[in-house]
Asks: 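Structure below; questions to follow.
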Amino acid sequence: MDWYRSALKYLKDQRVVILTDLIDSEGFDVLVNKKDIVFHLLIIDRLLFKAQSRLGNIWRNIVKFLVLPIQVYKLSRFSKKHDNAVYHAHSMYYIWLAWLAGVDFVGTPQGSDILIKPYKSRLYRFLTVRAMKAAKSITVDSTKMSVSVFELSGVKCSIIQNGIDVSAINRVVGKEQNERKNILSMRGFTPLYRIEDLIEARNQSTENGNEVINFIYPFEDLEYKESITHLFGNDDKDLGRLERDDMYRMFEGARAVISIPSSDSSPRSVYEAVFCGAPVIISYQPYYDHLPDCMKLRIVVANLENSNWFDEALKKADQISREGYTPSASALTIFDQNKSFEILSKLF
């Protein structure tokens, strides 16, 4: 939806529309409004679970695979009525769909679409390679993904960052240095993001065992969360999904923001936290090597194999928080979503 909003802003001489099979499902907020132009494929919202879960993820994949022929037919019919359309397919399912329907498209896979799923299913890998080869362009958000796409399919990608709304951050985040308290976990509440490891590290800490953790997240695995709720501290807060401005305020007031997934591509929320001035603790991922120096100085790379990583990382985060953050010209050029969309629009 952020790409769509940017397209509305910058492609004023074009009609920008949404074509989708999902609008309101699994507990996600409705992000479209009455002014948006939305065309429907077969809407599968009612076929899905009411909340996100591991079983729900499996069921959604089954449903989407079963209705794929119907969606291909609907997209083909849509393309005949709109024969000058350029399609931007977000995530691998829609890249498959655009390929099978024979439309011209730019594809943007998600991290797990490339880094994880092709190595778990031969059928997924086969469809993915064919579809990416059919794209006019493939865009990814990191060198790690670009290398993986080329290894899978021989396709050369354009690296375009998932930009952040710098103007919105500047509007919300104050310029004065506020007191920072509590730890903030802000990635998905699933095993990939190692939430259990974070809580256990805090619980076992001798220096910071009473530190409060606030959990915000865009999605969750209910079974996983229920299996580790006994680890929560009495004052820990499960806040779930927040409005973006509220998230920025949480970043601004956090002692440290933590993101320690086992695999990551180019995490927008990490960059947002940095631009909000927060110290950020991460597990090492290759995207870190390509960040501007001013952003690296706000990030602590924790070694999770070290049993004392939590205390050591917090000590470094406290040192970082003594200094304010001013993004460099390089950081603004790379991570401002408006500039990212200017690059993307040339591919269109």
Side-chain angles (χ1 to χ4, degrees), residues 1-3 5-7 9-10 108 110-111 139-147 157-178 180 184-187 216 218 242 244-261 264-302 313 316-347:
M1 289 302 298
D2 286 323
W3 285 121
R5 300 282 175 230
S6 295
K9 185 185 299 183
Y10 283 94
T108 300
Q110 296 178 330
T139 79
V140 294
D141 58 16
S142 69
T143 301
K144 181 179 181 179
M145 280 189 68
S146 178
V147 170
C157 301
S158 298
I159 300 177
I160 303 176
Q161 285 294 337
N162 287 322
I164 62 178
D165 193 338
V166 176
S167 60
I169 290 174
N170 290 337
R171 185 186 71 248
V172 173
V173 174
K175 301 302 180 183
E176 297 181 3
Q177 192 73 17
N178 297 318
R180 295 186 176 277
L184 182 62
S185 170
M186 47 61 166
R187 303 301 296 277
I216 64 174
L242 299 183
R244 186 165 294 172
D245 286 0
D246 293 330
M247 180 180 71
Y248 292 158
R249 294 185 185 99
M250 292 288 290
F251 287 159
E252 185 183 22
R255 180 184 176 189
V257 175
I258 299 188
S259 170
I260 54 169
D264 219 353
S265 175
S266 184
R268 174 179 179 157
S269 54
V270 167
Y271 309 146
E272 288 174 315
V274 168
F275 270 72
C276 288
V280 183
I281 298 170
I282 68 169
S283 54
Y284 173 75
Q285 301 292 340
Y287 74 81
Y288 172 82
D289 297 330
H290 302 282
L291 294 178
D293 288 342
C294 70
M295 296 180 71
K296 286 182 178 178
L297 290 173
R298 305 300 295 183
I299 294 174
V300 179
V301 180
K316 293 178 182 177
D318 290 340
Q319 293 172 351
I320 289 171
S321 66
R322 294 170 189 161
E323 302 290 336
Y325 176 67
T326 301
S328 65
S330 174
L332 289 169
T333 298
I334 296 170
F335 291 100
D336 188 322
Q337 70 179 21
N338 294 328
K339 290 180 170 55
S340 294
F341 187 81
E342 288 179 19
I343 298 171
L344 180 65
S345 65
K346 294 175 183 178
L347 299 181

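Counting from 1, the numbers follow the sequence of the chain as shown. As the structure is a computational prediction, the values presented were derived from the model and not from experiment.
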Asks: To the nearest 0.5 Å, what is the distance between CD1 on I282 and CZ on R187?
Replies: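 Result: 10.0 Å between the selected atoms.
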
Asks: Please assess F341 against N338 for the test side-chain contact (heavy atoms from CB on, under 4.5 Å), listing each intermediate value before the final yes or no.
Replies: CA-CA 5 Å; F341 187 81; N338 294 328; 6.0 Å; no

Asks: Whether the N170 and Y248 side chains hold a donor-acceptor pair (N or O, under 3.5 Å, no angle test) is what I'd like checked.
Replies: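 Y248 and N170 do not have a side-chain donor-acceptor pair below 3.5 Å.
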
Asks: For the residue pair H290 and S142, establish whether any side-chain heavy-atom pair is separated by less than 4.5 Å.
Replies: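 Side chain of H290 against side chain of S142, heavy atoms only: no contact under 4.5 Å found.
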
Asks: As an exercise, state the distance from OG of S146 to CG of D141, rounded to the nearest 0.5 Å.
Replies: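 These two atoms lie 10.5 Å from each other.
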
Asks: Does this structure show an ion pair linking D245 with R171, if we count only N-O contacts that are shorter than 4.0 Å?
Replies: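 Counted as a salt bridge, because a side-chain N and a carboxylate O are separated by less than 4.0 Å.
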
Asks: Quick one: list whatever passes side chain to side chain donor-acceptor pair (under 3.5 Å) with D336, sequence neighbours left out.
Replies: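 Listed in chain order: nothing, the list is empty.
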
Asks: Quick check: closest heavy atoms across M247 and I216, and the distance to 0.1 Å?
Replies: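 Minimum heavy-atom contact is CG-CD1, 3.7 Å.
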
Asks: Do you know the tightest heavy-atom contact between V173 and E252?
Replies: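 Looking at all heavy atoms of both residues, the closest pair is CG1-OE2, 3.4 Å.
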
Asks: Can you tell me how far apart OG (S266) and CG (N162) are? Round to the nearest 0.5 Å.
Replies: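 So the gap between those two atoms works out to 6.0 Å.
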
Asks: Under the ring pair (Phe, Tyr, Trp, His ring centres under 6.0 Å) rule, collect the residues that match up with F275, sequence neighbours excluded.
Replies: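 Partners of F275 under the ring pair (Phe, Tyr, Trp, His ring centres under 6.0 Å) test: Y325.
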
Asks: Considering only heavy atoms from C-beta outward, does the side chain of S259 approach that of D264 to under 4.5 Å?
Replies: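 Contact flag for S259/D264 side chains = yes.
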
Asks: Less than 4.5 Å apart, side chain to side chain, heavy atoms only: is that true for I160 and L347?
Replies: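 In contact.
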
Asks: Counting only N and O atoms by type, is there a donor-acceptor contact under 3.5 Å from the side chain of S283 to the main-chain atoms of P261?
Replies: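 Answer holds: yes.
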
Asks: Report the C-alpha distance between R298 and V280 in whole Å, list the side-chain angles of each, state the deciding distance to 0.1 Å, and finish with yes or no for side-chain contact (heavy atoms from CB on, under 4.5 Å).
Replies: CA-CA 6 Å; R298 305 300 295 183; V280 183; 5.7 Å; no

Asks: Are the side chains of M145 and C157 in contact, using a 4.5 Å heavy-atom criterion?
Replies: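 Not touching, per the 4.5 Å side-chain cut-off.
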
Asks: With a 4.5 Å cut-off on side-chain heavy atoms, are R180 and P279 touching?
Replies: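 When only atoms from C-beta onward are counted, R180 and P279 do touch, with a gap below 4.5 Å.
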
Asks: Does any non-hydrogen side-chain atom of R268 lie less than 4.5 Å from one of D2?
Replies: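 In short, these two side chains touch, coming nearer than 4.5 Å.
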
Asks: About how many Å separate CG of L184 and CD1 of I281, when rounded to the nearest 0.5 Å?
Replies: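 Separation between the atoms: 11.0 Å.
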
Asks: Would you check if the side chain of S340 reaches a backbone N or O of Q161 as a donor-acceptor pair within less than 3.5 Å?
Replies: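 Answer holds: yes.
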
Asks: Are any side-chain N or O atoms of S265 and backbone N or O atoms of G111, one a donor and one an acceptor, separated by less than 3.5 Å?
Replies: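 Not a single qualifying donor-acceptor pair exists.
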
Asks: Consider side-chain contact (heavy atoms from CB on, under 4.5 Å). Of Q337, E272, R5, which one does D165 pass it with?
Replies: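 Only one option passes, and that is Q337.
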
Asks: Any side-chain heavy atom of F251 sitting closer than 4.5 Å to one from M186?
Replies: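 Sidechains of M186 and F251: in contact.
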
Asks: Do the non-hydrogen side-chain atoms of P292 and I334 ever get within less than 4.5 Å of each other?
Replies: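 Answer yes - side chains close enough.
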
Asks: State which residues pass side chain to side chain contact (heavy atoms under 4.5 Å, CB included) with L291; sequence neighbours excluded, sorted by chain then number.
Replies: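 So L291 forms a side chain to side chain contact (heavy atoms under 4.5 Å, CB included) with Y271, Y287, Y288, M295, K296, I299, F335.
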
